[in-house]
Amino acid sequence: QVQLVESGGGLVQAGGSLRLSCAASGRTVSRNVMGWFRQAPGKEREFVAAIRCLCGTTYYAESVKGRFTISRDSAKNAVYLQMNSLKPEDTDIYYCASSLQVVLSAQERTYDSWGQGTQVTVSS
């Protein structure tokens with residue numbers, strides 16, 4: 001089992017930036033892919049970005065491509081999401097997730113460990 005803890009959320013004006021962090025602990029050695037999802041109240045969870053832990057290959061949702069960057073620090077067992085040019089529609093709770101599978105997936109069901117989430121609010 002892997003424990004994931006997100007941090008770095010907050011309130012920012014449109015056009016601003018935030019950097020989310022996800023610290024992993026526990027059985028991290030078997031984790032192949034880390035991802036970020038987001039969810040607004042009453043809506044389904046939405047894929048944001050994923051990264052393959054060993055080689056660093058990334059995959060983004062079209063809505064964030066060119067604005068968000070996912071990265072990892074294997075030595076620290078951490079994953080980051082740099083969010084630039086934020087828009088009010090990026091307001092959500094952001095979740096970190098990990099997967100045993102090697103495929104970069106946008107499907108929620110492929111991720112078996114989740115953090116508690118961190119709130120991001122973008123004001124207009």
Side-chain angles (χ1 to χ4, degrees):
Q1 192 71 11
V2 174
Q3 292 76 46
L4 304 173
V5 179
E6 304 95 334
S7 61
L11 174 64
V12 64
Q13 287 189 331
S17 299
L18 279 175
R19 187 190 192 216
L20 304 184
S21 299
C22 174
S25 61
R27 300 185 64 181
T28 60
V29 66
S30 59
R31 299 287 119 177
N32 289 306
V33 170
M34 299 291 292
W36 286 96
F37 288 74
R38 63 187 183 185
Q39 186 174 26
K43 294 188 177 181
E44 292 187 356
R45 198 170 293 185
E46 175 190 22
F47 170 76
V48 176
I51 186 167
R52 194 169 282 141
C53 296
L54 283 181
C55 62
T57 307
T58 57
Y59 176 41
Y60 295 95
E62 286 298 322
S63 58
V64 306
K65 196 174 292 184
R67 299 188 299 123
F68 291 10
T69 302
I70 187 171
S71 61
R72 87 271 188 250
D73 186 331
S74 299
K76 295 182 179 180
N77 286 327
V79 176
Y80 308 99
L81 186 68
Q82 178 67 43
M83 305 186 294
N84 299 328
S85 302
L86 282 162
K87 305 174 183 179
E89 51 263 44
D90 293 319
T91 295
D92 274 317
I93 298 175
Y94 284 70
Y95 297 90
C96 177
S98 70
S99 172
L100 291 169
Q101 300 188 24
V102 298
V103 62
L104 283 170
S105 173
Q107 300 299 316
E108 187 178 345
R109 65 179 180 271
T110 64
Y111 296 83
D112 59 303
S113 294
W114 294 84
Q116 83 290 349
T118 185
Q119 176 71 49
V120 171
T121 303
V122 184
S123 62
S124 57

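Bear in mind that the values here come from a model prediction, so they are computed numbers and not experimental data.
The hydrophobic cluster around Val5 extends to none of the other residues, as no ILVMFWY side-chain heavy atom falls under 4.5 Å of it. With side-chain heavy atoms closer than 4.5 Å counting as contact, directly or through intermediates, Tyr80 stands alone and belongs to no larger hydrophobic cluster. The hydrophobic cluster around Tyr111 extends to Val33, Phe37, Phe47, Tyr59, Ile93, Tyr95, Leu104, Trp114, counting ILVMFWY residues whose side-chain heavy atoms fall within less than 4.5 Å of a member.
Not counting sequence neighbours, the partners of Thr121 by the side-chain hydrogen bond (donor to acceptor under 3.5 Å, both in side chains) test are Gln119. Val12 meets the side chain to side chain contact (heavy atoms under 4.5 Å, CB included) test with Leu18, Leu86, Val122; sequence neighbours excluded. Every residue meeting the salt bridge (charged side-chain N to carboxylate O under 4.0 Å, His left out) condition with Arg67, not counting sequence neighbours, appears here in chain and number order: Asp90. Take Ser63 and apply the side chain to side chain contact (heavy atoms under 4.5 Å, CB included) test, not counting sequence neighbours, and it matches Arg38, Glu46, Ala61. Not counting sequence neighbours, the partners of Tyr60 by the side chain to side chain contact (heavy atoms under 4.5 Å, CB included) test are Ala49, Thr58, Val64, Lys65, Thr69, Ile70. Partners of Ser74 by side-chain hydrogen bond (donor to acceptor under 3.5 Å, both in side chains), not counting sequence neighbours: none found. Under the side-chain hydrogen bond (donor to acceptor under 3.5 Å, both in side chains) criterion, Ser17 pairs with Asn84, not counting sequence neighbours. Remark: Ala23 engages no residue in a side chain to side chain contact (heavy atoms under 4.5 Å, CB included) (not counting sequence neighbours).
Asp92 contributes no side-chain N or O that, together with a main-chain N or O of Tyr94, makes up a donor-acceptor pair within less than 3.5 Å. Looking only at distances, no side-chain donor or acceptor of Arg19 sits under 3.5 Å from a matching main-chain atom of Gly8. No donor-acceptor pair under 3.5 Å is formed between the side chain of Arg52 and the backbone N or O of Thr57.
The shortest non-hydrogen separation linking Ser98 to Met34 is CB-SD, 3.2 Å.
Atom CG of Leu54 has 12 or fewer heavy atoms from other residues, nucleotides or ligands within 6.0 Å.
If you take OG on Ser124 and NZ on Lys87, they are separated by 14.0 Å, rounding to the nearest 0.5 Å. Atoms SG and CG, from Cys22 and Leu4 in turn, are 4.5 Å apart once rounded to the nearest 0.5 Å. With rounding to the nearest 0.5 Å, the separation of SG in Cys53 from CZ in Arg72 is 7.5 Å. Here the CD atom belonging to Gln107 is positioned 4.5 Å from the CZ atom belonging to Arg109, to the nearest 0.5 angstrom.
Here ring-ring contact (aromatic ring centres under 6.0 Å, His included) pairs that include residues 1-22, with residues two or more places apart or in two chains, number zero.
Counting heavy atoms from C-beta on, the side chains of Leu20 and Glu6 never come closer than 4.5 Å.
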